[in-house]
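Each ligand, and each atom within it, is numbered from 1 in the order the structure gives.
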Amino acid sequence: MITVYADLESLSRAAAALVVTQANLAVAARGRFSLALAGGNTPRRTYELLAQAPFLDQAPWDRMHVFWGDERCVPLDDPRSNARMAREAWLDQAPIPQNQVHPLNCAPAPAAAARQYEARLREFFAGQPPRLDLVLLGLGNDGHTASLFPATPVLEEKRGWVAEVYLAEPDLPRVTLTAPLINQAAVVAFLVAGRSKAGVLREVRHGPRDPRRLPAQLIQPQNGDLLWLADREAAGLAPPEVP
Ligand code: 6PG
């Protein structure tokens, strides 16, 4: 399902409201809420809103467990770090116990980091199916999502939950949740904004299936909801008229 918002601000408000709603539902049903965060720039405003009223007061944040969908292998305080962005925009101000925030730390080496993160997730799910309550994702201009990049071996992964990814350009290893793990989530929500995404958004949703070229097409929750939150520009619509 796609919902189109006038601009990034209203998209971000809807995304923040989605996080709050899913948190309340999950905590009521299971006593905890697990969320995987998207990196990139689009979700920054959503995270900032979650750190403010009214959202800040609307969910049981002490029951929340935060994971990351992917991470660039840079130090956790590097400006390119997805963990740093989410901390600065939201998590440093949020009443979430620190031991429930699980940044993806690449420090040992990407392959070891992937193994460690998978072990952490296995511990969290304790033998139950790895059903994250909500996964937020972005969409790259080349059709990637999380760090599932076109023509990379991780796209063939069928069993593993977390994997390392090497990209030549930019020369930066990454670690990512795999499509099989993401597809077990209860809700997966893509946040897509800006004119530059219009072509790829249309292709991912309506073009021929070609996940080696458009990895976001791999995201098809098996027993969950797939939501697309787009602004008018990304949806290929004219910007709203200013009265
Ligand atoms: C990352 C990502 C990546 C991102 C898209 C969209 O670490 O780069 O998680 O998948 O979500 O590239 O990024 P923007 O929101 O900046 O366009």
Nearest protein heavy atom with distance in Å, relative to [atom]:
{"atom": "atom 15 (O) of ligand 1", "value": "Thr42 OG1, 2.5 Å"}
{"atom": "atom 13 (O) of ligand 1", "value": "Gly40 CA, 3.8 Å"}
{"atom": "atom 2 (C) of ligand 1", "value": "Asp70 OD2, 3.4 Å"}

Within the 4.0 Å heavy-atom shell around [X], which atoms of ligand 1 are there?
{"X": "His144", "result": "3 (C), 5 (C), 10 (O), 12 (O)"}
{"X": "Gly138", "result": "11 (O)"}
{"X": "Lys197", "result": "14 (P), 17 (O)"}
{"X": "Ala146", "result": "2 (C), 3 (C), 10 (O)"}
{"X": "Arg72", "result": "1 (C), 7 (O), 8 (O)"}
{"X": "Arg174", "result": "1 (C), 7 (O), 8 (O)"}

message: Does either side chain, that of Ser12 or that of Arg45, offer a donor lying less than 3.5 Å from an acceptor on the other one?
response: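 Their side chains do not contain a donor-acceptor pair, so the 3.5 Å distance test is not met.
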
query: Can you find an N/O atom of Ser147 closer than 3.5 Å to an N/O atom of ligand 1?
result: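 Among all N and O atoms of Ser147, none is under 3.5 Å from an N or O of ligand 1.
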
query: Between Gly39 and ligand 1, is there a nitrogen or oxygen pair with a distance under 3.5 Å?
result: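 The answer is yes, given that Gly39 and ligand 1 share an N or O pair closer than 3.5 Å.
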
Between [Y] and [X], is there a side-chain heavy-atom distance shorter than 4.5 Å?
{"X": "Trp68", "Y": "Asn105", "value": "no"}
{"X": "Phe67", "Y": "Val162", "value": "no"}
{"X": "Lys197", "Y": "Thr42", "value": "yes"}

Between [X] and ligand 1, which part of the residue brings a heavy atom under 4.0 Å of the ligand: side chain, backbone, both or neither?
{"X": "Leu139", "answer": "backbone"}
{"X": "Asn41", "answer": "both"}
{"X": "Thr145", "answer": "backbone"}

Plane angle bin for His65 and His102 - parallel if under 30°, tilted between 30 and 60°, otherwise perpendicular: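 Parallel: the ring planes of His102 and His65 meet at under 30°.
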
query: Looking only at heavy atoms of Gly69, does any of them come nearer than 4.0 Å to an atom of ligand 1?
result: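 False for this residue.
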
message: Between ligand 1 and Glu71, can you find any atom pair, the residue atom being a heavy atom, that is separated by under 4.0 Å?
response: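 For ligand 1, residue contact (heavy atoms, under 4.0 Å) with Glu71 is absent.
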
- prompt: Can a cation-pi geometry be assigned to Arg32 and Phe124, taking NZ or CZ under 6.0 Å from the six-membered ring centre and within 45° of the ring axis?
  reply: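 Yes.
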
- prompt: Could Asp133 and Arg30 be called an ion pair, given the rule that one side-chain N must be under 4.0 Å from one carboxylate O?
  reply: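 A salt bridge links Asp133 with Arg30.
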
task: In plain terms, say whether Arg212 and Glu156 are close enough for a salt bridge, that is, a side-chain N and a carboxylate O under 4.0 Å apart.
output: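 Yes, Arg212 and Glu156 are salt-bridged.
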
query: Of Arg122, Arg120, Arg115, which meets side chain to side chain contact (heavy atoms under 4.5 Å, CB included) against Glu118?
result: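 Output: one option passes, namely Arg122.
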
field: Interatomic spacing from OG1 in Thr3 to CG in Asp231 - rounded to 0.5 Å
entry: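 Taking OG1 in Thr3 and CG in Asp231, the distance rounds to 12.5 Å.
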
